[in-house]
Amino acid sequence: LHELVITRDHIRSIAQMHDEEVELILRAYQERYQELAQDDCVAYISIFHNHGRLAGASISHPHSQMIAIPVVPPEVWNSLRGSEKFFAKKQRCVHCVMLVYEAKTKERVIWENDEYMMLAPFASRTAFEMRIFPKRHQAHFEKISLEERRALAHAFRIALGKIFRGLGNPDYNFFLHTAPGKNQARHKHYHWHFEIVPKTAIWAGFEISTGIEISTIKPETAAAFLRKVTIEP
């Protein structure tokens, strides 16, 4: 099943919207996710957004996509398995442990409010990669409350606004990683989050031949730069 979430404005990207407009987009994600998840054939729902030609956007009008598929994709499965193994060993969520550490060191934290933390991941795949995590442990994005969705909208606008202003509106992808809707008790250890990946470089021979990404900027340096980029309240 394949659906599009299309904004009315033909020009403005999410980075240029108001919090209320971003919240409506997230509401569409959440409500359509809940509807699609009811299909017995659906094992996972991928929510993603391609901004710019280098990010795979074939149509310039801003839009996001939701694809419901009958399998859990390998990238998500690996993330689930890693989280599950850590929980089995430590009886703690690996992402919660990471957030506590990042909050203590502050080196890679870009921005935060009471509900969410935005950071540059320790092993960034590309320069200026960002992730948005809820501070409260939650496995399923589709279960967030209205208040949590409004706070997420503000965090999203800040994140994309910093990329827009600080990096000159580069192409980027963002996508959701969340626990599958089925067998929910099995995935309580997981911690949903959004990942934002700017296209600051192009894969060349080494990356293509080895699958090893090269980032020329340390996440600590990227975080320090993005913290300084000011966004209107």
Pair listing, salt bridge (Lys or Arg N to Asp or Glu O under 4.0 Å) test, anchored in residues 48-72, at least two apart: none

All pairs passing salt bridge (Lys or Arg N to Asp or Glu O under 4.0 Å) where residues 135-145 contributes a residue, at least two apart: Glu112-Lys135, Arg136-Glu148

Side-chain donor-acceptor pairs under 3.5 Å in residues 1-8, sequence neighbours left out?
residue	atom	partner	partner atom	Å
His2	NE2	Gln65	OE1	2.8
Glu3	OE1	Arg32	NE	2.8
Glu3	OE1	Arg32	NH2	3.4
Glu3	OE2	Arg32	NH2	2.7
Thr7	OG1	Asp9	O	3.3
Thr7	OG1	Pro62	O	3.3

Do Ser79 and His177 pair up side chain to side chain, a donor and an acceptor below 3.5 Å, judged on atom types alone? no

Give every residue pair that meets the ring pair (Phe, Tyr, Trp, His ring centres under 6.0 Å) criterion with at least one member in residues 54-89, sequence neighbours excluded. His10-His61

Give every residue pair that meets the ring pair (Phe, Tyr, Trp, His ring centres under 6.0 Å) criterion with at least one member in residues 31-59, sequence neighbours excluded. His49-Phe174, His51-Tyr172

Looking only at the aromatic ring of each residue, does the gap between the centers of Phe156 and Phe194 stay below 6.0 angstrom? yes

For [X], check salt bridge (Lys or Arg N to Asp or Glu O under 4.0 Å) against everything at least two apart and list the hits.
X	answer
Glu21	Arg12
Glu31	Arg27
Glu35	none

Output all residues satisfying side-chain contact (heavy atoms from CB on, under 4.5 Å) with [X], sequence neighbours left out; order by chain, then residue number.
X	result
Leu146	Glu23, Arg149, Arg150
Ile208	Trp203
Ala57	Asn50

Sequence-distant partners of His187, ring pair (Phe, Tyr, Trp, His ring centres under 6.0 Å), two or more places apart: none

